Asks: 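Below is one structure. I have some questions about it.
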Amino acid sequence: MKLQTKFNLALFAAFVVGLALASAFAFKIAADSARRDVLHEAALMASEGEGASRYTDQEVAPLLNKAGTAFAPQSIPFLAAQDQFRRVQKDWPDYSYKDAALNPTDPADKAADWEAALINRFRTDATLKRVISERDTTSGPVLSLSKPIRITDPTCLQCHSTPDKAPPGMIALYGTAGGFGWKQNEVIGAQIVSVPMSVALARANRSFLFFLGGLTIVFLVTMVALNVLLRLMVVRPAREIAAMADEVSLGKADVPEYAPKGKDEIASLAESFNRMRRSLANAMKLLGD
């Protein structure tokens, strides 16, 4: 096997190992980056929902109370946040925002099984501030950011303790089947924001493939450059020296000396060959005399 072939095989093996390691690290970095982007979107949506709820609770509800208006669903903070997002969801159907509850006033807020499992985690662990979870759906993987909904304001119990204390308008609208029996400091639900990961993952995959393509191009260019240098600096001089050695071994005395270039190992080999050639020529001359 030729020297250049051995060199290329060794270089290719090193590239395959390096590419495998680089791919593993690059894929993990791309996936983690995509997950951080999705989580950032979910956190932003959660903050917007909390802002809408606070505005309704601190600005809208007091105005309605001063005006002596009968019970209005628009004064419910959680309802305001969800209604606002439903308008956004028309353009972004894969995104979802829900204030899910185990015992909701509005049946539309009833927690699904996977949402109920999250709420129970918050009820079990009082120190848990948020939960990040992933699940597969028909449209692809979805990341959810969940935060507990805890009763910290005693005024909430005026409407949600027992049906007889609730506003008549609330009873007329929602009935008495749910939304009662809540207790102070109890986790009654969870704010759950869900963001699709398919777009971020597709973007991460494109970046990953672009990285692999660029790495492969760099390898090919490097391999070609190294082969050219190997041929010019090693293979060609070695072949010329080998050809001259063959001629000397066949008894040709008029073979010229090889002119070494530089001071590398090939030049040292050429100088050694020239000394050997001169010694052989002197020995043949002595034998002839």
Side-chain angles (χ1 to χ4, degrees), residues 1-50 84-98 100 112-115 117-118 121 128-147 190-236:
M1 185 180 293
K2 294 182 178 180
L3 175 63
Q4 192 166 4
T5 303
K6 292 181 180 180
F7 173 79
N8 285 330
L9 289 176
L11 186 62
F12 181 77
F15 168 74
V16 171
V17 174
L19 183 64
L21 293 175
S23 299
F25 284 113
F27 183 80
K28 187 178 186 308
I29 292 173
D32 289 345
S33 177
R35 194 172 187 274
R36 284 194 300 270
D37 290 344
V38 174
L39 183 59
H40 178 74
E41 290 184 8
L44 182 61
M45 290 170 55
S47 296
E48 290 176 347
E50 292 169 356
Q84 174 180 301
F85 190 79
R86 287 190 187 102
R87 300 175 187 275
V88 177
Q89 201 172 24
K90 293 179 181 179
D91 297 325
W92 306 89
D94 293 332
Y95 291 72
S96 68
Y97 179 102
K98 183 178 180 181
D113 291 341
W114 68 273
E115 295 169 334
L118 291 171
R121 287 185 61 182
L128 197 59
K129 301 301 181 182
R130 71 174 191 174
V131 171
I132 301 171
S133 57
E134 295 181 21
R135 70 184 193 281
D136 292 326
T137 66
T138 55
S139 59
V142 173
L143 182 144
S144 296
L145 174 63
S146 308
K147 297 180 179 180
Q191 178 201 51
I192 303 176
V193 177
S194 298
V195 178
M197 299 184 67
S198 55
V199 175
L201 289 176
R203 186 167 57 244
N205 288 334
R206 286 194 297 270
S207 298
F208 173 69
L209 293 176
F210 180 79
F211 169 78
L212 290 186
L215 193 62
T216 301
I217 292 174
V218 169
F219 166 75
L220 293 176
V221 172
T222 303
M223 191 172 184
V224 170
L226 289 176
N227 271 270
V228 171
L229 292 175
L230 180 66
R231 176 175 289 275
L232 293 176
M233 300 175 65
V234 179
V235 175
R236 181 182 293 177

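Throughout, numbering of the chain's residues begins at 1 and tracks the sequence. All values derive from a computational prediction rather than experimental measurement. These values consider heavy atoms only, across backbone and side chains, with no hydrogens, waters or symmetry-generated copies.
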Asks: What is the minimum heavy-atom distance between Ala34 and Ala200, and which atoms define it?
Replies: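 Smallest interatomic distance, heavy atoms only, reads CB-O, 3.6 Å.
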Asks: I need the Ser207 OG to Leu212 CG distance, nearest 0.5 Å.
Replies: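 These two atoms lie 11.0 Å from each other.
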Asks: Could you state the interatomic distance from CG (Leu145) to CG (Leu44), rounded to the nearest 0.5 Å?
Replies: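 So the CG of Leu145 and the CG of Leu44 are separated by 11.0 Å.
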Asks: Kindly give the heavy-atom pair with the smallest separation between Pro196 and Val38, and that separation in Å.
Replies: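 Heavy-atom minimum between the residues: O-CG2, 4.1 Å.
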Asks: Which atoms form the tightest heavy-atom contact between Leu128 and Arg121, and what is the distance?
Replies: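 It is CD2-O, 4.1 Å.
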Asks: Is the closest side-chain heavy-atom distance between Trp114 and Ile192 below 4.5 Å?
Replies: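 With C-beta onward as the side chain, the pair touches.
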Asks: Please report the shortest heavy-atom distance between Ala112 and Lys98, naming the atom on each side.
Replies: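 Heavy atoms only, the tightest pair is N-NZ, 4.3 Å.
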Asks: Does Pro141 offer a backbone N or O that forms a donor-acceptor pair with the side chain of Glu134 under 3.5 Å?
Replies: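 Pair absent, no side-chain N/O of Glu134 close to backbone of Pro141.
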Asks: Check the side chains of Tyr97 and Glu48 for a donor-acceptor pair under 3.5 angstrom, ignoring hydrogens and angles.
Replies: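 Absent: no donor and acceptor within the cut-off.
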Asks: What's the separation between atom OG in Ser133 and atom CD in Glu115, rounded to the nearest 0.5 Å?
Replies: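 Rounded to the nearest 0.5 Å, the OG-CD separation comes to 10.0 Å.
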Asks: Can you confirm whether Arg86 is buried at CZ, in the sense that more than 12 heavy atoms of other residues, nucleotides or ligands lie under 6.0 Å from that atom?
Replies: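 Counting other residues, nucleotides and ligands, CZ of Arg86 exceeds 12 neighbours.
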Asks: Does a side-chain heavy-atom distance below 4.5 Å link Phe85 with Val193?
Replies: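 SC-SC contact between Phe85 and Val193 ruled out.
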Asks: So for atom CZ, which belongs to Arg135, do other residues, nucleotides or ligands contribute more than 12 heavy atoms lying within a distance under 6.0 Å?
Replies: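 Buried by this count: over 12 neighbours within 6.0 Å.
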Asks: Quick one: pull up CG in Leu215 and CG in Leu19 and give me the separation to the nearest 0.5 Å.
Replies: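 Nearest 0.5 Å value for the CG-CG distance: 5.5 Å.
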Asks: Applying ring pair (Phe, Tyr, Trp, His ring centres under 6.0 Å), can you list everything that pairs with Phe27, at least two apart in sequence or on another chain?
Replies: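 Result, ring pair (Phe, Tyr, Trp, His ring centres under 6.0 Å) vs Phe27: Phe208.
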Asks: May I ask you to decide if Ala43's main-chain N or O and Ser47's side chain share a donor-acceptor pair within less than 3.5 Å?
Replies: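 Yes, because the side chain of Ser47 sits within donor-acceptor range (under 3.5 Å) of the backbone of Ala43.
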Asks: Classify the side-chain pair Thr137/Ser139 by whether it contains a donor and acceptor separated by less than 3.5 Å.
Replies: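 Yes, side-chain donor-acceptor contact under 3.5 Å.
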Asks: Under 30°, 30 to 60°, or over 60°: which ring-plane class applies to Phe15 and Phe12, parallel, tilted or perpendicular?
Replies: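 Ring orientation, 0 to 90° scale: tilted.
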Asks: Surrounding CH2 of Trp92 (heavy atoms of other residues, nucleotides or ligands, distance under 6.0 Å), is the total greater than 12?
Replies: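 Result for CH2/Trp92: open.
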Asks: Between Lys28 and Asp32, is a salt bridge (Lys or Arg N to Asp or Glu O under 4.0 Å) present by the stated rule, with each step listed?
Replies: CA-CA 6 Å; Lys28 187 178 186 308; Asp32 289 345; 2.9 Å; yes
Asks: To the nearest 0.5 Å, what is the distance between CZ on Arg130 and CD on Gln191?
Replies: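 So the CZ of Arg130 and the CD of Gln191 are separated by 11.5 Å.
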Asks: With rounding to the nearest 0.5 Å, note down the distance linking CE in Met197 to CG in Asp37.
Replies: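 Rounded to the nearest 0.5 Å, the CE-CG separation comes out at 10.0 Å.
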